[in-house]
Q: 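Questions regarding the structure given below will be posed in turn.
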Amino acid sequence: MSAQQTVIHWFRKGLRVHDNPALLAAVRCCHDSPNQFVLRPIFILDPGIIQWLRVGPNRWRFLQQSLTDLDLNLRKINSRLYVVRGNPSDVFPKLFQQWNVSLLTFEHDIEPYSLKRDATVKEQAKKYGVKIQIEKSLTIYDPDEILKKNSGKPPLTYQKYGSLAATLKVPQPVDVPEKLPTTCIPKQDVDEQKLCSCYDPPSLEELGVKIEDLGECKFPGGETEALRRLKEHMERKSWVCSFEKPNTSPNSLQPSTTVLSPYVKFGCLSARLFMQQVQNVIKGQKHSHPPVSLVGQLMWREFYYCAAAAEPNFDKMVGNSICLQVPWTTNKAHLEAWTHGQTGYPFIDAIMRQLRQEGWIHHLARHAVACFLTRGDLWISWEEGQRVFEELLLDADWALNAGNWLWLSASAFFHQYFRVYSPVAFGKKTDPEGKFIKKYVPELAKYPCGIIYEPWKASLDVQRKLGCVIGETYPKRIVIHEEIHKKNIQKMTEAYRKNKAVKEGIMKGDKDPEASNYSGKRKSSSSSTSPTSKPAAKKSKPSETIDKYFRKK
DNA sequence: TTCGAGTTGAATGT
DNA sequence: ACATTCAACTCGAA
């Protein structure tokens with residue numbers, strides 16, 4: 001009988017036992033030849049990465065909880081999680097030898113960072129004669145299949161994505177393994193028994209998390225909690241059927257949506273299972289539809305993943321083929337104020353403080369603060385906002401975070417940049433009394449509903465009586481929205497014109513771009529049927545800016 | 001080339 | 001609760 005061999009399943013994002021095809025493949029390989037294979041589910045924790053990765057304390061905790069729960073769930077089915085410390089490219093050669101590995105399975109990911117890492121691991125596996133099996137279960141639809149159907153280009157509208165996806169069959173979740181092949185450490189292997197605890201899930205301390213930096217834990221990580229939360233929401237059948245995202249409140253004290261996003265991000269919950277369960281609930285019932293329905297929300301994730309898979313620079317402006325090039329400004333003081341909820345706009349500040357404390361804010365709240373940072377008010381690059389969200393959001397996901405910032409800054413997908421959120425009016429619609437502000441900006445707790453969204457309007461006398469003087473206890477607003485948002489709309493018009501000119505210039509071989517743009521411009525103004533349009537004023541501006549642009553070149 | 005549609009705007013009307 | 005105006009974008013289909 002040959003020496004015992006090891007099958008490794010490598011957990012990265014999909015931190016779950018359910019609907020995990022790569023884990024299942026590892027299990028089946030072992031079952032095919034009992035007594036010959038040992039299964040070791042691993043997670044690799046790179047101590048080096050903890051230093052530079054942009055992960056705030058709340059998300060480290062979520063990961064820590066998810067790993068602990070995964071270990072427990074694996075132990076329930078006769079196995080355990082091996083958390084291996086080190087860099088994957090250092091870890092694997094050692095494990096391949098030490099454990100006599102013959103098969104490595106993991107879930108495919110589309111992030112450039114992952115692809116690079118996985119390419120190295122694949123090479124090493126080849127070198128050590130280890131077979132690799134990669135399964136796709138991150139998204140419901142395979143981005144590659146969508147891209148193939150669209151001649152290699154990512155669909156840039158949700159509708160288009162939907163029509164392409166509709167031609168594919170809907171993949172269903174795979175089975176949950178009942179019992180994993182034995183992975184108990186052989187009794188005779190005393191050394192390893194001793195080392196056993198060195199594979200335990202990390203403590204918060206190991207992850208460099210200081211307890212005092214943690215906020216209240218509203219959303220504990222892990223597959224168990226994910227499935228509990230899913231069940232809880234799926235039981236609200238009429239709520240599920242009538243769900244319309246734009247009608248949910250961004251500033252209610254209790255979340256108005258499922259808050260399953262952090263669980264989907266870490267793979268504690270499978271998107272396919274989520275989709276299947278929602279479909280089961282709405283089947284045969286009158287229900288809302290994409291893009292606003294719950295099914296629609298899952299499809300947005302698919303949409304962004306597909307676009308992200310097609311563009312390695314998806315999280316950047318420069319070099320990103322689908323991203324509008326905008327001359328954003330840098331303003332450290334403004335960025336700092338936004339980041340820490342000190343803009344002087346209570347609605348914006350409340351959201352940013354909730355984000356830092358709890359790691360989750362409503363989707364529409366993200367819209368409000370993202371618009372404020374970029375095209376609406378501060379004119380700061382969406383990449384800066386992306387960085388802050390990446391650190392603070394429990395559900396921070398490379399593709400979705402970038403995709404949504406592209407959307408909100410009107411850099412891709414969404415182009416109606418003249419629709420600007422008001423940092424005063426938007427929140428009032430769903431929380432006229434300002435309860436949300438009172439909770440997260442307690443300085444203003446005594447301000448009455450009439451004025452809490454714009455406390456600078458109170459006279460100094462009133463401010464004193466309300467126990468919060470603007471400019472002392474709470475900051476003066478850093479910009480005047482009513483004025484600046486109009487200027488920014490004009491800047492966006494200019495940015496769009498420049499980008500269009502460049503595009504047309506490239507298409508025509510960069511020959512005489514002025515002329516080609518001039519004709520394009522004339523067309524748009526002459527075709528205008530509006531009797532109130534002022535073609536003269538419209539005309540002078542673009543030629544100026546385009547002139548400037550091409551002089552620079 | 002033209003035209004309609006686009007998850008989630010605001011302010012002001014009815 | 002819904003309609004209009006504001007100013008005017010791009011994508012994709014016809």
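The analysis underlying the following values was restricted to heavy atoms, covering all of them including side chains, and did not include hydrogens, waters or symmetry mates. All figures in this text were calculated on a predicted structure; none of them were measured in a lab. So you know, we letter chains A, B, ... as the sequences are listed, proteins then strands, and number each from 1.
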Q: Counting only side-chain N and O atoms of A:Gln416, is one of them less than 4.0 Å from OP1 or OP2 of B:dT8?
A: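 It does not, given that no N or O in the side chain of A:Gln416 lies less than 4.0 Å from OP1 or OP2 of B:dT8.
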Q: In whole Å, what is the span from the OH atom of A:Tyr496 to the C1' atom of C:dC9?
A: 6 Å
Q: Quick one: side chain to side chain donor-acceptor pair (under 3.5 Å) pairs with a partner in residues 292-302 of chain A, sequence neighbours left out?
A: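 Of all non-adjacent pairs touching residues 292-302 of chain A, those that pass side chain to side chain donor-acceptor pair (under 3.5 Å) are A:Lys245-A:Gln297.
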Q: Looking at A:Gln159, does any N or O in its side chain come under 4.0 Å of the phosphate oxygens OP1/OP2 on B:dG6?
A: yes
Q: Quick one: do A:Arg477 and A:Glu482 make a salt bridge, cutoff under 4.0 Å?
A: yes
Q: For atom P, what is the distance between C:dA13 and B:dT7, given to the nearest Å?
A: 14 Å
Q: Give the residues of residues 272-302 of chain A touching DNA chain B, defined as any heavy atom closer than 4.0 Å, sorted by residue number.
A: A:Pro291, A:Val292, A:Gln297, A:Trp300
Q: If you measure from the P atom in C:dA7 to the same atom in B:dT2, how many Å do you get, rounded?
A: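 Pairwise P distance, C:dA7 against B:dT2, rounds to 24 Å.
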Q: Roughly how far apart are A:Ser288 OG and A:Leu294 CG, rounded to 0.5 Å?
A: 7.0 Å
Q: Could you tell me how far apart A:Phe303 (CZ) and B:dT7 (C1') are, to the nearest whole angstrom?
A: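 The answer, rounded to whole Å, is 11 Å.
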Q: A:Arg229: which residues meet the salt bridge (Lys or Arg N to Asp or Glu O under 4.0 Å) condition with it, sequence neighbours left out?
A: none
Q: Could you tell me the separation between the CZ atom of A:Phe243 and the C1' atom of B:dT8, rounded to a whole number of Å?
A: 11 Å
Q: For A:Lys136, enumerate each residue passing the salt bridge (Lys or Arg N to Asp or Glu O under 4.0 Å) test, keeping only those at least two apart in sequence or located in another chain.
A: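 In terms of salt bridge (Lys or Arg N to Asp or Glu O under 4.0 Å), with neighbours along the sequence ignored, A:Lys136 is linked to A:Asp142, A:Asp144.
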Q: Just so I know, are the side chains of A:Thr157 and A:Phe303 near enough to count as touching, which here means a heavy-atom distance under 4.5 Å?
A: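 Contact flag for A:Thr157/A:Phe303 side chains = no.
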Q: So does A:Arg228 pair up with A:Glu225, basic N to acidic O under 4.0 Å?
A: yes
Q: What are the residues of residues 362-379 of chain A, sorted by number, that bring a heavy atom to within less than 4.0 Å of DNA chain B?
A: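 Contacting residues: A:His363, A:Leu364, A:His367.
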Q: May I ask you to say what A:Lys428 touches in the nucleic acid, namely base, sugar-phosphate or nothing, with a heavy-atom cut-off under 4.0 Å?
A: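 Contact class for A:Lys428: none.
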Q: Which of these, A:Tyr421, A:Trp456, A:Tyr453, sits in a ring pair (Phe, Tyr, Trp, His ring centres under 6.0 Å) with A:Tyr345?
A: A:Trp456
Q: Who are the salt bridge (Lys or Arg N to Asp or Glu O under 4.0 Å) partners of A:Lys231, not counting sequence neighbours?
A: A:Glu235
Q: Please name all residues satisfying salt bridge (Lys or Arg N to Asp or Glu O under 4.0 Å) with A:Glu391, sequence neighbours left out, ordered by chain then number.
A: none
Q: Which whole-number value in Å describes the distance from A:Glu504 CD to B:dT1 P?
A: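 Value for this atom pair: 10 Å.
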Q: Within this structure, what is the CD-to-P distance between A:Gln490 and C:dC9, rounded to whole angstrom?
A: 11 Å
Q: Measure the CE-CG distance between A:Met352 and A:Asp349 for me, rounded to the nearest 0.5 Å.
A: 9.0 Å
Q: Grab the NE2-C1' distance between A:His415 and B:dG6 for me, whole Å please.
A: 9 Å
Q: Would you please classify the geometry between the A:Tyr440 ring and the A:Phe436 ring as parallel, tilted or perpendicular, with 30° and 60° separating the classes?
A: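 If you compare the ring of A:Phe436 with that of A:Tyr440, the planes turn out tilted.
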Q: For nucleotides 9-14 of chain B, give me one character per nucleotide, 5' to 3': B if any protein heavy atom sits under 4.0 Å from the base, S if the only such contacts are to the sugar-phosphate, - if neither.
A: BSS---
Q: Is the shortest distance from a Lys or Arg side-chain nitrogen in A:Asp431 or A:Lys439 to a carboxylate oxygen in the other one below 4.0 Å?
A: no
Q: When you compare C:dA8 with C:dG12, how far apart are their P atoms, in angstrom units rounded to a whole number?
A: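 About 24 Å, rounded to a whole number of Å.
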Q: Rounded off to whole Å, could you give me the NZ-to-C1' distance for the A:Lys503 and C:dC9 pair?
A: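 So the two atoms are 12 Å apart, to the nearest Å.
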Q: What pairs meet the salt bridge (Lys or Arg N to Asp or Glu O under 4.0 Å) rule with one or both residues in residues 445-457 of chain A, with sequence neighbours excluded?
A: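 Sorted result for residues 445-457 of chain A: A:Lys428-A:Glu454, A:Glu454-A:Lys457.
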Q: For residues 484-507 of chain A, pull every pair meeting ring-ring contact (aromatic ring centres under 6.0 Å, His included), keeping only residues two or more places apart or in separate chains.
A: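 For residues 484-507 of chain A, and leaving out neighbouring residues, the ring-ring contact (aromatic ring centres under 6.0 Å, His included) pairs sorted by first residue read A:Tyr417-A:Tyr496, A:His481-A:His485.
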Q: Atom pairs under 3.5 Å, N or O on each side, protein against nucleotides 12-14 of chain C: can you list them with distances?
A:
from   : atom 1 : to       : atom 2 : distance (Å)
C:dG12 : OP1    : A:Leu156 : N      : 3.0
C:dA13 : OP1    : A:Lys160 : NZ     : 3.0

Q: Do you know the tightest heavy-atom contact between A:Pro112 and A:Pro312?
A: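 Heavy atoms of A:Pro112 and A:Pro312 come nearest at CG-O, 3.5 Å.
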Q: Go through DNA chain C and write down every stem, that is, every run of at least three consecutive Watson-Crick or G-U wobble pairs with distances under 3.5 Å, as range with range.
A: B:1-6 with C:9-14, B:9-14 with C:1-6
Q: Is the closest basic N to carboxylate O distance between A:Glu216 and A:Arg356 below 4.0 Å?
A: no
Q: Using whole Å, what does the distance between atom C1' of nucleotide C:dC11 and atom OH of A:Tyr161 come to?
A: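 Rounded to whole Å, this separation is 18 Å.
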